[in-house]
Amino acid sequence: MSSVCVHGLGYIGLPTAAMLANHGHDVFGYDADESVRAELQDAETPFDEPGLREFFTRALDAGNLEIVDEVVPADYHVICVPTPFDEDAKTADLSYIRAVGRTVAPVLREGDTVVLESTVPPGTTVEELQPLLEASGLDAGEEFALAHSPETVLPGDIIAELQANTRVVGGIDDSSVESAVDLYESFVDGEIRETRDPTVAEFVKLVQNTSRDVNIALANEIARLAYDYGIDSREAIELANDHPRVDILRPGPGVGGHCLPIDPWFLGADSDELDLISTARNVNDGMVEFVIELLEAELTAFDDAKVAVLGVAYKGNVSDTRMSPGLRLARTLTSQERTPLAADGGSGVCREIALQDPHVTDPTLDLTDLESATEDADAIVLATDHDEYEQLDPGQLRERMANTVVIDTKAILDSDEWRSAGFTLRRV
C-alpha cells in the first residue's frame, strides 16, 4: 500500500482519510485549521455523520491514520479543501486550492501523484493547480502525476457512498490516470470511469449536480403553477410520473447543501451560456418567497405573528445547515428590506421567528426546543423532512399554539389527521 497525505479534513476529507487508512494505506491527515487538527488529535470528530466517528477511531487505533501539524511527503496528495462561493459575483473562491498547491510543491517528489477532489470550475486542475505544483521544479505528467476525481457522496451516507458510487478519474496523461485509479481501486466497489482530461472530470461533477437542480426547479415551478389553479401539485406530479418517460422530482422550500445551490454557477466561470441553468437557480432560490406567500395568505395579522420554523438542516436526518432553506426562510421573514406581498400597509416582517431542529446543535444559531418554539406560535413551517417531524402530535400542538396554520413544505404530515385536529394545512 501507499502513503497518502489528505489535505482538508472536513465533510469529504476526513471520511476519505479514514477510508484510505482502513484499507491499508499509511495516511497523514492535514488541515490548515489548528482547532480542527487539535480536535481530531483528541479523537473527536468536528461534525456529525453516521458511522464516521467509529470509522475514524478504528483507523487511528490501527495506527494507519495520523493527524499531522504540517504537510509531509507522500506517494499521493489528495486535496479535499472547500471552494467557497461568492454569492454576489457568483464565482468560486480558489484560495484554499492555491494554498494547498503552494504547500505541496516543496515536498513533492518525482513519482508522486496529486489528486484534486474539490469541486471546482472547469479548467482549475490544469490552469490553477498545475503551475503551482510545477514550482517544485518537476513537470506534471513527466515527473509527477496529476488528476482530478470529484466526490459524489451524500451527507448522511458518506462512508457507504465513497465505496459504492461510480468514480470519474481525469488525468493529464495515461500515467496520471493509471496512478489515480490504482489509489481508488483500493476501496471503491463501484465502477471507475476514466478520461484523459481533468477538465472533463470537473465538468461532469458540475453537470451531475446541475441536472438535479434543474429538475427540482421544474418541480418547484409546477408547485407554483398548481397553486394558481387551486390543485395539489404532488398529486398531479404523482399522476404524471405514471408515464414511462416522465420522472418529475418533488417540490420543496428550495435547495440547500454545499453542492446543488453552488455548482451550477461554476459552469459559468468561463462561459456566458448559462440560461436555463441560471433560471433554474432563481426558481429554486425563489421558493422561500413562495412559502411566505402561503403564510401571508393564511395569517390575518402577519406582522404580529410568531412563526416556528422546524428544520434548519438543509435535508432530512442530517445536521448540515449549509445553504439551508429553513435558515434562508427565517432570515427573509425578519428582513426589513423585503416587500410584503399583501397590500395592507404591513411591514412584511414577522414579530417573532423561533428555530428548532432535533439534529442541529450549532451554538451560533438561536435554536430552541420544540415546546418553546411552538408555544403561542401562530404558524409552523416544516422546512426539513426529519423523521422526528413525521411523529408530531397535532393534538398537543393545537393546545400549545395561538393559531393553527401549518405550511408543510415536504409533504410528510398526514393532511387529513392535521385538518381533523383543527389545523389549516398547506403543502408545497
Side-chain angles (χ1 to χ4, degrees), residues 8-15 31-50 52-53 56 80-89 92-93 95-96 118-119 154-156 158 252-262 285 287-288 291-292 306-338 349-375 377 379-386 388-389 409-410:
L9 299 175
Y11 284 91
I12 303 303
L14 183 58
D31 196 285
D33 189 327
E34 183 179 353
S35 64
V36 170
R37 298 198 306 268
E39 192 171 0
L40 292 171
Q41 285 164 349
D42 289 336
E44 296 291 335
T45 51
F47 55 90
D48 182 34
E49 171 65 29
L52 176 60
R53 181 168 182 174
F56 168 62
C80 304
V81 295
T83 46
F85 180 62
D86 185 322
E87 284 274 5
D88 295 328
D93 176 359
S95 58
Y96 289 98
S118 306
T119 304
L154 192 67
I158 289 178
V255 175
H258 187 61
C259 295
L260 267 62
I262 295 173
D285 285 347
M287 288 304 290
V288 161
V291 172
I292 296 175
K306 174 184 176 180
V307 177
V309 177
L310 304 188
V312 297
Y314 87 88
K315 66 185 292 284
N317 304 319
V318 303
S319 61
D320 191 344
T321 62
R322 291 178 294 178
M323 307 292 284
S324 156
L327 288 178
R328 193 181 313 127
L329 172 66
R331 287 193 296 267
T332 305
L333 285 170
T334 57
S335 172
Q336 297 290 338
E337 298 179 1
R338 73 173 296 268
V349 176
C350 288
R351 170 177 58 85
E352 182 180 352
I353 303 297
L355 302 177
Q356 191 272 339
D357 194 300
H359 292 264
V360 177
T361 57
D362 189 338
T364 66
L365 299 175
D366 188 17
L367 295 169
T368 186
D369 58 81
L370 180 64
E371 183 173 350
S372 299
T374 56
E375 186 70 37
I380 289 174
V381 177
L382 197 64
T384 309
D385 49 349
H386 293 315
E388 290 88 341
Y389 292 151
T409 72
K410 296 299 216 174

**Q.** Ile158/Leu52 under side-chain contact (heavy atoms from CB on, under 4.5 Å): CA gap, chis, key distance, verdict
**A.** CA-CA 8 Å; Ile158 289 178; Leu52 176 60; over 6 Å; no
**Q.** Pro82 and Tyr11, any side-chain heavy atoms less than 4.5 Å apart
**A.** no
Q | Sub-4.5 Å side-chain heavy-atom contact between His359 and Thr384 | A | no
Q: Looking only at non-hydrogen atoms, find the nearest pair between Tyr314 and Ser324 and report the distance.
A: CB-CA, 4.0 Å
Q) Does the side chain of Met287 reach to within under 4.5 Å of the side chain of Arg328, using non-hydrogen atoms? A) no
Q.
A side-chain contact here means heavy atoms from C-beta on lying under 4.5 Å apart; do Glu388 and Asn317 qualify?
A. yes
Q: Give the C-alpha distance, both sets of side-chain angles, the deciding distance and a yes or no for side-chain contact (heavy atoms from CB on, under 4.5 Å) between Leu310 and Leu370.
A: CA-CA 8 Å; Leu310 304 188; Leu370 180 64; 4.0 Å; yes
Q) Which atom pair, heavy atoms only, marks the closest approach of Ser335 to Val349? A) O-CG2, 3.1 Å
Q: For Asp31 and Arg37, indicate whether the former's side chain and the latter's backbone hold a donor-acceptor pair under 3.5 Å.
A: no
Q: Could you give me the CA-CA distance, side-chain angles and deciding distance for Thr409 and Val381, then say whether side-chain contact (heavy atoms from CB on, under 4.5 Å) is met?
A: CA-CA 7 Å; Thr409 72; Val381 177; 4.0 Å; yes
Q | Closest non-hydrogen atom pair between Ala330 and Ile353, with its separation | A | CB-CG2, 3.9 Å
Q. For the residue pair Ser118 and Cys80, what are the closest heavy atoms and their distance?
A. OG-C, 3.6 Å
Q) Between Thr368 and Ala354, which heavy-atom pair has the shortest distance, and what is it? A) CG2-CB, 4.5 Å
Q) Hey, is OH on Tyr96 packed in by over 12 heavy atoms from elsewhere, all under 6.0 Å? A) no
Q: Nearest 0.5 Å please: distance from the CD1 atom of Ile12 over to the CD atom of Glu49.
A: 8.5 Å
**Q.** side-chain contact (heavy atoms from CB on, under 4.5 Å) between Gln356 and Tyr389, worked out
**A.** CA-CA 11 Å; Gln356 191 272 339; Tyr389 292 151; 2.7 Å; yes
**Q.** Qualifying salt bridge (charged side-chain N to carboxylate O under 4.0 Å, His left out) pairs, either residue in residues 357-367, two or more places apart
**A.** none
Q | Expected output: side-chain Thr321 to main-chain Val312 donor-acceptor under 3.5 Å | A | no
Q. Between Leu40 and Leu9, which heavy-atom pair has the shortest distance, and what is it?
A. CD1-CD1, 3.5 Å
**Q.** Side chain proximity check, Pro253 to Lys410, heavy atoms < 4.5 angstrom
**A.** yes
